[in-house]
Peer 1: 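Pasting in a structure now, in structure tokens, and then I'll have a few things to ask.
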Amino acid sequence: TAGLISWSWKVSAQQDFDWLLCEVDGQEVAGISTKSGVWQTQVVQVPTGANVRWVYRKDASGSAGEDAGYLADVAFSSFTADQSFSQWAQTHGVTDPQQRMPKSGMQAMFGWLGGFRVDGDAIPDIIVTQGRLTYRYPVSKTADGTQQILYSPDMNSWSTRRISQRIVSEDADRVVIEVTAPTGTKGFFKVIGGGDKTSLGMVSVQGGTLPQSSELAGTVVATFQIGRTEVTWAEWQEVRDWAVANGYTDLAGIGSGSGPDHPVHSVSWYDAVKWGNAKSEKEGLVPAYRASGATYRTGDFGYNGTLEVTMDSRANGYRLPTEAEWEWAARGGSTDGGFTYSGSNVLDEVAWYWNNSSDGTKTVSTKAANELGLHDMSGNVWEWCQDIAAYGYYPRRRGGSAGSVDDVCAVSHRGFSYYPDGRITSIGFRVARNAD
């Protein structure tokens with residue numbers, strides 16, 4: 001019969017990682033892992049006639065294991081007929097553990113600290129162990145997209161600040177990540193998923209040397225990360241609103257976009273680097289840009305012939321790509337196919353430009369990606385780069401826009417804008433980061 005079933009279990013000891021997984025009609029729908037000899041409870045809702053079974057696993061693999069951790073006791077309660085989970089949860093004061101899978105199909109199980117949903121819902125309060133919160137979750141090696149875990153002491157402010165992560169187990173398909181954070185009395189984790197076309201997912205680019213066909217031939221590029229897409233209007237607004245409330249007052253009302261999934265435009269070079277600093281602070285990273293010895297949050301500089309905003313090359317926060325990084329990534333990095341445009345010799349395959357976008361920008365990622373999985377590095381909007389072209393304050397821009405002619409969209413074309421404070425409808429940006 002349809003209804004709810006709950007189970008509790010405990011282990012007598014644990015050396016590595018013990019899971020009790022629930023399968024409904026052959027698919028893992030929930031699981032509990034425990035770290036101490038105390039009872040843990042989980043609840044699932046099952047349809048009529050479902051075949052339900054429980055599987056005990058060590059680590060992230062399917063093996064039984066031979067270490068000190070083992071299953072001690074399992075207790076099942078009867079089905080609760082004619083009651084929805086929301087009714088049961090309200091009665092028992094728990095959060096719905098029915099997990100949702102990301103578009104990639106990656107299975108994100110529940111940990112001993114409670115359930116989570118990969119689309120961002122928070123898990124319940126976490127009991128403190130020796131002054132720290134600890135949570136483990138598996139990440140697929142083969143699924144598309146990304147997962148990122150965030151921490152909050154109050155369910156209001158979310159970031160990666162104070163979080164440390166390490167790999168505690170690995171097999172051919174998955175790695176198990178343990179994340180910890182110091183806390184006072186309680187705290188919360190949530191996992192956010194990426195991988196769809198509007199995600200600010202980062203791609204790791206192995207370093208190398210730009211070829212002879214480049215004006216920057218011979219320039220060595222170190223390994224770095226770059227945004228899979230241009231920053232979208234929705235992403236810009238989310239960070240901008242946080243930024244304005246946290247000291248980045250210049251960004252109030254700045255930017256524009258033709259739709260939430262279109263690239264942001266009408267942002268100056270200064271706007272872009274402030275936004276990168278704000279995103280870094282929001283996620284607990286070290287901001288990359290400084291001005292007058294402090295984190296760059298307000299003010300425009302550079303009219304005295306020197307760009308006074310400096311970049312900390314050691315910071316792990318978001319920044320603009322250097323011109324060499326941008327071109328190396330647009331060419332496909334070490335997998336460079338020698339294409340004129342980013343990913344193809346046929347511009348229509350990879351770019352929105354003058355011949356196919358008379359009405360302006362388009363949704364990101366709707367054209368084919370290049371060899372690295374990067375979209376729109378030719379066309380859609382020009383992209384600000386870190387480098388200054390001339391006279392100390394003319395920033396570089398690369399890639400062409402929805403209004404650009406063919407040659408301008410080539411990976412080798414170098415452009416620049418006259419003023420770093422200019423907000424132009426054809427210029428946006430994508431972010432970069434140093435390698436982890």
Side-chain angles (χ1 to χ4, degrees), residues 200 202-231 263 267-277 279-280 285-291 296 301-302 306-336 342 370-378 381-400 408-420 422 427-436:
L200 189 69
M202 303 294 287
V203 173
S204 181
V205 181
Q206 294 299 310
T209 304
L210 283 164
Q212 290 302 309
S213 56
S214 169
E215 288 188 27
L216 302 175
T219 302
V220 177
V221 178
T223 298
F224 69 105
Q225 299 177 52
I226 194 167
R228 188 179 300 275
T229 73
E230 295 156 335
V231 172
V267 293
S268 71
W269 187 94
Y270 291 123
D271 297 333
V273 300
K274 290 173 190 173
W275 186 91
N277 269 5
K279 182 171 176 61
S280 300
L285 303 174
V286 178
Y289 294 97
R290 299 181 67 80
Y296 180 41
F301 299 83
T306 301
L307 193 69
E308 297 179 10
V309 177
T310 60
M311 185 182 75
D312 181 355
S313 61
R314 301 167 299 175
N316 65 353
Y318 296 96
R319 57 178 175 80
L320 294 175
T322 67
E323 190 183 13
E325 287 174 335
W326 188 97
E327 183 173 333
W328 178 248
R331 288 177 176 272
S334 59
T335 59
D336 182 4
S342 184
N370 75 354
E371 301 92 323
L372 293 173
L374 305 174
H375 293 270
D376 299 308
M377 295 201 78
S378 290
V381 290
W382 286 95
E383 299 177 16
W384 289 117
C385 291
Q386 171 64 33
D387 302 70
I388 306 305
Y391 305 111
Y393 53 91
Y394 288 175
R396 285 288 183 187
R397 58 179 182 175
R398 299 293 297 258
V408 171
C409 296
V411 294
S412 59
H413 180 83
R414 303 176 71 194
F416 65 89
S417 184
Y418 286 106
Y419 298 107
I427 303 180
F429 70 105
R430 77 179 66 217
V431 293
R433 284 182 64 194
N434 294 338
D436 286 337

Peer 1: With sequence neighbours excluded, tell me which residues meet side-chain contact (heavy atoms from CB on, under 4.5 Å) with Ser204.
Peer 2: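 Ser204: side-chain contact (heavy atoms from CB on, under 4.5 Å) contacts with Gln206, Thr223.
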Peer 1: Supply the atom-to-atom distance Asp336 CG to Ser214 OG, rounded to the nearest 0.5 angstrom.
Peer 2: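 Spacing of CG (Asp336) from OG (Ser214) equals 10.5 Å.
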Peer 1: Check Trp326, Trp269, Tyr289 against Gln386 for a side-chain hydrogen bond (donor to acceptor under 3.5 Å, both in side chains) and give me the one that passes.
Peer 2: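 Among Trp326, Trp269, Tyr289, the one that satisfies the side-chain hydrogen bond (donor to acceptor under 3.5 Å, both in side chains) with Gln386 is Tyr289.
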Peer 1: Rounded at 0.5 Å granularity, tell me how far CD1 in Ile427 sits from OG in Ser417.
Peer 2: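 Going from the CD1 atom of Ile427 to the OG atom of Ser417 covers 4.5 Å.
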Peer 1: Is the shortest heavy-atom distance from the side chain of Cys385 to the side chain of Glu325 under 4.5 Å?
Peer 2: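 The answer is no; the side chains never approach within 4.5 Å.
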Peer 1: If you measure from CG on Asp376 to OG1 on Thr229, what distance do you get to the nearest 0.5 Å?
Peer 2: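 It comes to 7.5 Å.
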Peer 1: At their closest point, which heavy atom of Ser268 faces which heavy atom of Pro420, and how far apart are they?
Peer 2: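 It is CB-O, 3.2 Å.
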Peer 1: With sequence neighbours left out, what residues match Ala324 under side-chain contact (heavy atoms from CB on, under 4.5 Å)?
Peer 2: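 side-chain contact (heavy atoms from CB on, under 4.5 Å) list for Ala324, sorted by chain: Leu210, Leu216, Thr219, Val221, Thr322.
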Peer 1: Is the ring centre of Phe429 less than 6.0 Å from the ring centre of Trp275?
Peer 2: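 Ring-ring flag for Phe429/Trp275: true, centres closer than 6.0 Å.
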Peer 1: Would you please name every residue forming a salt bridge (charged side-chain N to carboxylate O under 4.0 Å, His left out) with Glu371, sequence neighbours left out?
Peer 2: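 In terms of salt bridge (charged side-chain N to carboxylate O under 4.0 Å, His left out), with neighbours along the sequence ignored, Glu371 is linked to no residue.
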Peer 1: What pairs with Arg398 under salt bridge (charged side-chain N to carboxylate O under 4.0 Å, His left out), at least two apart in sequence or on another chain?
Peer 2: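 Residues passing salt bridge (charged side-chain N to carboxylate O under 4.0 Å, His left out) with Arg398: Glu323, Glu327.
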Peer 1: Within the side chain of Asn370, is there an N or O that forms a donor-acceptor pair under 3.5 Å with the backbone of Ser342?
Peer 2: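 Between the backbone of Ser342 and the side chain of Asn370 there is no qualifying donor-acceptor contact (under 3.5 Å).
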Peer 1: What's the separation between atom CZ in Phe416 and atom OH in Tyr394, rounded to the nearest 0.5 Å?
Peer 2: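 The OH atom of Tyr394 is 7.5 Å from CZ of Phe416, to the nearest 0.5 Å.
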Peer 1: With distance as the sole test, does Asn316 use its side chain to make a donor-acceptor pair with the main-chain N or O of Leu285 at under 3.5 Å?
Peer 2: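 Not a single qualifying donor-acceptor pair exists.
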Peer 1: How far does CE of Met377 sit from CD of Glu230, to the nearest 0.5 angstrom?
Peer 2: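 If I round to the nearest 0.5 Å, the distance is 8.5 Å.
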Peer 1: For Asn434, give me all partners under side-chain hydrogen bond (donor to acceptor under 3.5 Å, both in side chains), at least two apart in sequence or on another chain.
Peer 2: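 Here the qualifying residues are Arg319.
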Peer 1: What residues form a side-chain hydrogen bond (donor to acceptor under 3.5 Å, both in side chains) with Ser378, not counting sequence neighbours?
Peer 2: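 Partners of Ser378 under the side-chain hydrogen bond (donor to acceptor under 3.5 Å, both in side chains) test: none.
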Peer 1: Calculate, to the nearest 0.5 Å, the distance between atoms CZ and CG belonging to Arg228 and Leu372 respectively.
Peer 2: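 CG of Leu372 is found 9.5 Å from CZ of Arg228.
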